[in-house]
Amino acid sequence: MSWQIPLTDVVVTEDDLAAARECLESGWLTMGPRTGAFEAAMVEWHDVPHAAAVSSGTAALHLACRALDLGPGDEVIVPAFTFLASAGCVRYCGATPVLADVVSPERPNLDPADVERRITPRTKAVIAVHFWGYPADIAGLRAVCEPRGIAIIEDAAQAIGARVDGDALAGTAGTLGCLSFFSKKQLSVGEGGMVLTRDAALDASVRSLRSHAMTSGTWDRHTGRQESYDVVGFGFNYRMDELRAAFGRARLGRLHAEIEHRRAAVRGYRERLADAPGVTLVWDEAAVEAGSHFAFAVLFADGEARAKARDVLAERGIQTTRYPVLHSLTEYASFAGYGTLPAAEAAADRHLALPLSALTTDAQLDAVGEAVRAAA
Ligand SMILES: *Cc1c(COP(=O)(O)O)cnc(C)c1O
């Protein structure tokens, strides 16, 4: 099926193509100087001391958990309303994800009060997801976590460029922050991720683990700096390659402008839908200004109204999507009983995400806005 208005779209410029061509012609394809340059650019862009590129956002989350030494017997609190990788990374380490509720369907990020209720002596970390690019309550989570020595991992896979804690950028406010460059994300290169941190020891651990915990890399040996290597831990191959690093660095220069385009589109949606009967907007103006707008979703009265709206939009060639609550997935059903996380469940049941990208036009906003009104 080819959609008249697809859910998302990617901007590729001549500069991107030139960066890719330069990389291919150089003959060096795996992690090397372009990956280093992409990391340096991200350090500067985020005003954070350390950034380690990896092969995906999921790999970034896994290495963040490993750098914190999470393992069997440890519990990590994760919002029930998120993409499953936020919980999968905990299970990769043998630790246990504990699902917590979001504040409300209108504010579908982790609720610090519910996090506090679920803390046990085994709780070692909280995964703060900035869902759809809207900032989670980092100050509230810090107040709960810091006195107990519980680490905060920011899952900023959907939130690069969001302001999460006053002025801090998403990924720089927790113990470690994880970004994704998956093709639907704001800074997309196909597949890729990054771990940000202010802690030099955690950064060193992530860098070691991303390449088998070897004491030298292929580039070091190619440039004659190292002849061989030792292996000093149990690591992985989570390296980024040069083509994606070159593409990511080329795209970074216009990321602020692309996020601003997404934000303007979100404002446009909100104006068109503010008084639409049967439609509830999520978040508020302040969150719209702080967020970086991975997705724009609205709430309908209930699941039935949402399903009907989906069909009306699909008939008009408008693609939409919906995020399931984690414990509704077969693999995650045993992690919480349905009915026990009411705000997350209502959010998952009632929302529909509408088309949004750095290419969204006013005509598309008109068409989608009118279709949503007709459906509700
Ligand atoms: C996309 C995403 C991830 C995983 O990132 P990948 O790059 O696809 O592995 C993790 N958490 C959230 C919230 C995401 O949206």
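Basis for what follows: all heavy atoms, side chains included, without hydrogens, waters or symmetry-related copies. Both ligands and their constituent atoms are indexed starting at 1 by order of listing.
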Discussion item. Suppose I only count heavy atoms of Leu61 and a 4.0 Å limit; which atoms of ligand 1 are within that range?
Written reply: 10 (C)
Worksheet item: Are any of the N or O atoms of Gly57 closer than 3.5 Å to those of ligand 1?
Response: yes
Fill in: Nearest atoms (heavy-atom pairs only) where Gln186 meets Leu255
O-CD1, 3.8 Å
Worksheet item: Which of the numbered atoms in ligand 1 are below 4.0 angstrom from a heavy atom of Ala85?
Response: 4 (C), 10 (C)
Discussion item. Could you identify the single nearest non-hydrogen protein atom to atom 15 (O) of ligand 1 and state the distance to 0.1 Å?
Written reply: Gln158 NE2, 2.8 Å
Worksheet item: With a 4.0 Å cut-off on heavy atoms, does Gly193 reach ligand 1?
Response: no
Discussion item. Distance under 4.0 Å to a non-hydrogen atom of Lys185: what atoms of ligand 1 satisfy this?
Written reply: 1 (C), 2 (C), 3 (C), 5 (O), 14 (C), 15 (O)
Worksheet item: Cation-pi between Lys184 and Phe294: NZ/CZ under 6.0 Å from ring centre and within 45° of the ring axis?
Response: no
Practice prompt. Return yes when atom CD of Glu14 has more than 12 non-hydrogen atoms of other residues, nucleotides or ligands closer than 6.0 Å, and no otherwise.
Written response: no
Discussion item. So that I can tick it off, tell me whether Glu260 and Arg267 are bridged by a salt bridge, with the cut-off set at under 4.0 angstrom between side-chain N and carboxylate O.
Written reply: yes
Discussion item. For Tyr332, does the six-membered ring have the charged nitrogen or CZ of Arg91 within the cation-pi criterion, i.e. under 6.0 angstrom from the centroid and within 45° of the normal?
Written reply: yes
Worksheet item: Tell me, which protein residue and heavy-atom name are nearest atom 9 (O) of ligand 1, and how many Å apart are they?
Response: Thr58 OG1, 2.5 Å
Discussion item. I'd like to know if Glu191 contacts ligand 1, where contact means a heavy-atom distance under 4.0 Å to any ligand atom.
Written reply: no
Discussion item. Between Arg118 and Asp101, does any side-chain N to carboxylate O distance fall below 4.0 Å?
Written reply: no
Practice prompt. Find all atoms of ligand 1 within a distance of less than 4.0 Å from any non-hydrogen atom belonging to Phe182, and give their numbers and elements.
Written response: 7 (O), 8 (O)
Discussion item. Any heavy atom of Gly192 closer to ligand 1 than 4.0 angstrom?
Written reply: yes
Worksheet entry | Proximal ligand 1 atoms for Thr82, defined as those under 4.0 Å from one of its heavy atoms | 13 (C)
Worksheet item: Does Asp302 pair with Arg350 as a salt bridge, N-O distance under 4.0 Å?
Response: no
Worksheet item: Does a side-chain N-to-carboxylate-O contact under 4.0 Å join Glu39 and Arg207?
Response: yes
Item to complete: Using a 4.0 Å heavy-atom threshold (strictly under), name the region of Asp155 that reaches ligand 1: side chain, backbone, both or neither.
Response: side chain
